[in-house]
Structures are given as structure tokens and as C-alpha cells.
Participant: 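Here it is: the structure, laid out below.
Chain letters run A, B, ... following the sequence lines, proteins first, then strands; residues in each count from 1. Computed from a predicted structure; not experimentally measured.
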There are 2 protein chains.
Amino acid sequence: MPENRDQVIERLRGHGITPTQQRVEIAQVLFERHQHLSADQVLARVNARDASVSKATVYNTLGLFAEKGLVREVIVDPARVFYDSNLDPHHHLFHVDNGTLEDIPVSQVNVDRLPDLPAGVAVEGVDVIIRVRRSGAAQ
Amino acid sequence: MPENRDQVIERLRGHGITPTQQRVEIAQVLFERHQHLSADQVLARVNARDASVSKATVYNTLGLFAEKGLVREVIVDPARVFYDSNLDPHHHLFHVDNGTLEDIPVSQVNVDRLPDLPAGVAVEGVDVIIRVRRSGAAQ
DNA sequence: TTGGGTGCAAACTATTTGCATTCGA
DNA sequence: TCGAATGCAAATAGTTTGCACCCAA
């Protein structure tokens with residue numbers, strides 16, 4: 001998963017995205033490893049590295065990446081959108097205490113959808129989110 | 001489900017909520033029927049009825065209701081939180097085109113969760129969201 | 001009475017947008 | 001070159017908060 005500059009560029013091209021400097025910077029941060037980052041976190045990490053990318057560009061770029069299927073948007077926290085660099089099908093565990101996300105492999109949760117959706121619509125995605133909080137005892 | 005003033009008051013008391021005028025107004029709107037409303041929509045409907053309730057009170061009250069388990073918060077749209085007056089366990093279908101929510105009975109989706117959550121956490125809820133968009137053909 | 005509840009307006013925060021400048025092909 | 005991408009700052013929009021006034025018990 002850790003990808004070097006060239007692999008990232010190739011990945012962008014593969015998704016029909018012109019690889020500009022700041023897009024490559026952002027993609028490198030995202031694809032360092034499987035992770036869930038908010039736009040603000042991406043901004044901080046990109047600029048901690050070296051290059052400087054503006055806030056607007058980070059937002060626009062993350063939106064573009066999501067639209068092109070490079071990353072997955074995760075809506076679990078009303079306060080912010082997370083971008084998930086793990087493209088394999090999986091579910092999420094959300095720690096409401098600290099606003100942290102964790103992946104859950106599909107093998108751990110079984111969802112059988114019986115197929116009676118309204119006519120004229122196509123499924124864009126199925127999200128399964130398990131919300132947890134620290135239980136009184138441990139931790 | 002349509003509840004009159006007295007039933008609403010009783011419901012509030014049952015959840016340990018002091019029934020003030022505006023809380024009753026808001027609850028009456030919510031429990032007219034099973035529905036998914038954003039804070040803004042609640043505000044509009046309450047004030048369309050008669051009484052006037054401020055925006056701050058609507059937000060505070062909906063937060064209180066959610067905390068006390070009177071309504072269920074639904075996080076599917078980064079732009080707004082929905083409040084669901086249907087307390088029975090169920091899942092959601094989200095129309096990304098128009099930002100509309102629909103209930104899906106649990107009988108229609110089967111979720112088997114295999115139990116290996118991190119230690120020290122308790123499940124607060126499991127959300128299943130099916131995101132759909134108008135397919136090119138119909139509609 | 002009296003502490004919790006409410007209203008208003010101002011504050012906040014995440015995100016979007018307009019427009020002039022810069023860059024990739 | 002030239003349109004697409006970027007940066008900046010200002011604009012939006014949902015939600016929260018501070019504080020003085022008011023009402024339910």
C-alpha cells in the first residue's frame with residue numbers, strides 16, 4: 001500500500017485524474033496506508049511533509065478523488081467527512097467517544113439484502129456502521 | 001402514531017423530559033407520523049402550525065430528545081442531521097439525488113454481526129444505510 | 001420562588017465559491 | 001499557448017453558545 005510518487009501518479013492517471021503537484025502530494029498522504037482522514041487532517045499532514053497546499057485545494061481534491069472512486073467518503077460524524085483510502089469492500093466501526101474510525105472486514109459482518117428497492121433507482125453503496133462507546137468497565 | 005397533546009406530554013415525561021410548551025410543540029410535529037426531519041424542517045413545521053419556537057430551542061430540543069432516546073439521529077448526509085421518529089429497529093435507504101430518507105424494515109435486511117469488537121467498548125447502535133440514486137432509465 | 005428552559009444574536013466550524021494567477025500538456 | 005488547476009479570501013450553512021428573561025413545579 002505505501003506508494004511512491006510514480007505509483008501514485010499512475011494511480012491518478014488510471015482514474016482519469018490529471019496528476020498535478022498538489023494532487024500527488026495529497027494522494028501520497030492518503031495512500032501511505034489504509035486510513036481514515038478528515039479534510040483538515042489531510043491538510044495538516046500534507047503541509048507537515050513539505051509542499052504547501054491550500055485548504056480549498058484539499059477540499060476540492062478530496063471531492064474529486066471521491067467522485068472518481070480513488071477514495072471512499074465515510075459519513076458517520078455530523079461534524080466532518082472522512083476519506084477512506086481502503087478501497088476493498090468493508091464496514092466501519094465508529095468510536096463515538098473520540099470520533100475515530102476502524103475498518104471491519106466484510107467477513108465479520110454478513111448483510112443479506114432482500115431486493116425490493118423502489119423502482120428506478122440503482123444502489124450506489126451499502127454502508128454498515130457499528131457505533132461503539134467505551135463501556136464503563138475496561139479502558 | 002399520531003399523538004395528541006396529552007399523549008405527547010406523557011411520552012416526554014416517560015423519558016424524563018420536562019414537558020414545556022415548545023418541547024411539546026416540537027414533539028407533536030415529530031410524532032404526527034413516522035418521518036425523517038432535519039432541524040430546519042422541524043423549525044419550519046413548528047412555526048407553520050402556530051406557536052413560535054426559536055432556532056436555538058429546536059436544535060437544543062432535538063439534541064435532548066435524541067439523547068433521551070425519544071428520537072433517533074440519522075447521519076447520512078454531511079449537510080444535515082435527520083431525526084427519525086420511528087423508534088422500531090429498522091434500516092435506511094437514502095436517495096442521494098434529493099437527500100430523502102426511507103425506512104427499511106429489519107425483515108428486509110439481514111445483518112449477522114460476528115462478535116469480535118475491541119475490548120472495553122459497548123455497541124451503541126448499528127446503522128445500515130443503502131445509498132441509491134435515480135438510475136438512467138425510469139423516473 | 002427559583003432553577004431549568006427559552007430567545008436572540010453573535011460565534012464557530014466545516015465546506016464551498018469567485019476570481020485572478022499559475023501550471024501541465 | 002490555453003484551458004484546467006490553484007490559492008486566497010470571502011461567502012455559506014448548519015449548529016452551538018452566552019446571557020438576560022421567563023415559566024413549570
Participant: Measure the distance from CG on N60(B) to P on dC8(C) and round it to the nearest whole Å.
Facilitator: 14 Å
Participant: Tell me whether the guanidinium CZ or amine NZ of R11(A) lies under 6.0 angstrom from the six-membered ring centre of F31(A) and within 45° of its axis.
Facilitator: yes
Participant: Using a strict 4.0 Å threshold on nitrogen-to-oxygen distance, state whether D127(B) and R131(A) make a salt bridge.
Facilitator: yes
Participant: Where the side chain of R80(B) is concerned, which of dT15(C), dA25(D), dT15(D) is the nearest nucleotide?
Facilitator: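 Nucleotide nearest to R80(B)'s side chain: dT15(D).
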Participant: Q108(B) side chain to P105(B) main-chain N or O, any donor-acceptor pair under 3.5 Å?
Facilitator: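 A pair under 3.5 Å: no.
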Participant: In this structure, how many angstroms lie between the C1' atom of dT6(D) and the CG atom of L62(A), rounded?
Facilitator: 15 Å
Participant: At under 4.0 Å between heavy atoms, what does D40(A) touch on the DNA or RNA strands: base, sugar-phosphate, or nothing?
Facilitator: sugar-phosphate
Participant: Using a cut-off of less than 4.0 Å, is there contact between a side-chain N or O of R23(B) and OP1 or OP2 of dA24(D)?
Facilitator: no
Participant: Tell me whether Q21(B) at atom CD has more than 12 heavy atoms from other residues, nucleotides or ligands lying less than 6.0 Å away.
Facilitator: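 Count not over threshold, so no.
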Participant: Go through T61(B) and Q22(B) one step at a time and tell me if the side chain to side chain contact (heavy atoms under 4.5 Å, CB included) criterion holds.
Facilitator: CA-CA 9 Å; T61(B) 300; Q22(B) 25 285 300; 6.0 Å; no
Participant: Tell me which of T20(A) and A79(A) sits closer to the 5' end of DNA chain C, going by the nucleotide each one is nearest to.
Facilitator: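 Its nucleotide being nearer the 5' end, the pick is A79(A).
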Participant: Consider the side chain of A56(B), meaning its heavy atoms from C-beta on, and name the nucleotide among dA25(C), dT15(C), dT17(D) that approaches it most closely.
Facilitator: dT17(D)
Participant: Over how many whole Å does the gap from I75(A) atom CD1 to dA14(C) atom C1' extend?
Facilitator: 12 Å
Participant: Select one nucleotide: of dT6(D), dG7(D), dT15(D), the one nearest the side-chain heavy atoms of V53(A).
Facilitator: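 So the nucleotide nearest the side chain must be dG7(D).
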Participant: Whole Å only: how far is the CG atom of L64(B) from the C1' atom of dT16(D)?
Facilitator: 15 Å
Participant: Does a donor on one side chain and an acceptor on the other come within less than 3.5 Å for H34(A) and D88(A)?
Facilitator: no
Participant: Over how many whole Å does the gap from E73(B) atom CD to dT15(D) atom C1' extend?
Facilitator: 12 Å
Participant: Would you say the side chains of E102(B) and H92(B) form a donor-acceptor pair under 3.5 Å?
Facilitator: no
Participant: Would you find a donor on one side and an acceptor on the other, under 3.5 Å apart, between the side chain of S85(A) and the backbone of Q35(A)?
Facilitator: yes
Participant: Counting only side-chain N and O atoms of T57(A), is one of them less than 4.0 Å from OP1 or OP2 of dG7(D)?
Facilitator: yes
Participant: Let me know, please, whether Q22(B) or Q21(A) comes out on the 5' side of the other along DNA chain D by nearest nucleotide.
Facilitator: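 Final value for this comparison: Q21(A).
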Participant: Nearest to the side chain of Y59(B), which nucleotide is it out of dC8(C), dT6(D), dT16(D)?
Facilitator: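 Of all the options, the side chain of Y59(B) is nearest to dT16(D).
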Participant: Calculate the interatomic distance between K68(B) atom NZ and dG4(C) atom P; express it in whole Å.
Facilitator: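 Checked: the NZ to P distance equals 13 Å.
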Participant: Would you kindly give the CG-to-C1' distance between L37(B) and dG14(D), to the nearest whole Å?
Facilitator: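 Result: 16 Å.
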Participant: Taking the side chain of T18(A) as heavy atoms from C-beta outward, which of dA14(C), dT15(D), dA5(D) is closest to it?
Facilitator: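 Per side-chain heavy atoms of T18(A), the pick is dA5(D).
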Participant: I17(A) has an atom CD1; how far is it from atom P of dA25(C), in whole Å?
Facilitator: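 It works out to 13 Å between those atoms.
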Participant: What does the inter-axis angle of the helix from dT1(C)-dA25(D) to dA25(C)-dT1(D) come out as, five pairs per end, nearest 10 degrees?
Facilitator: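 Taking the rotation axis at each end, their angle is 40°.
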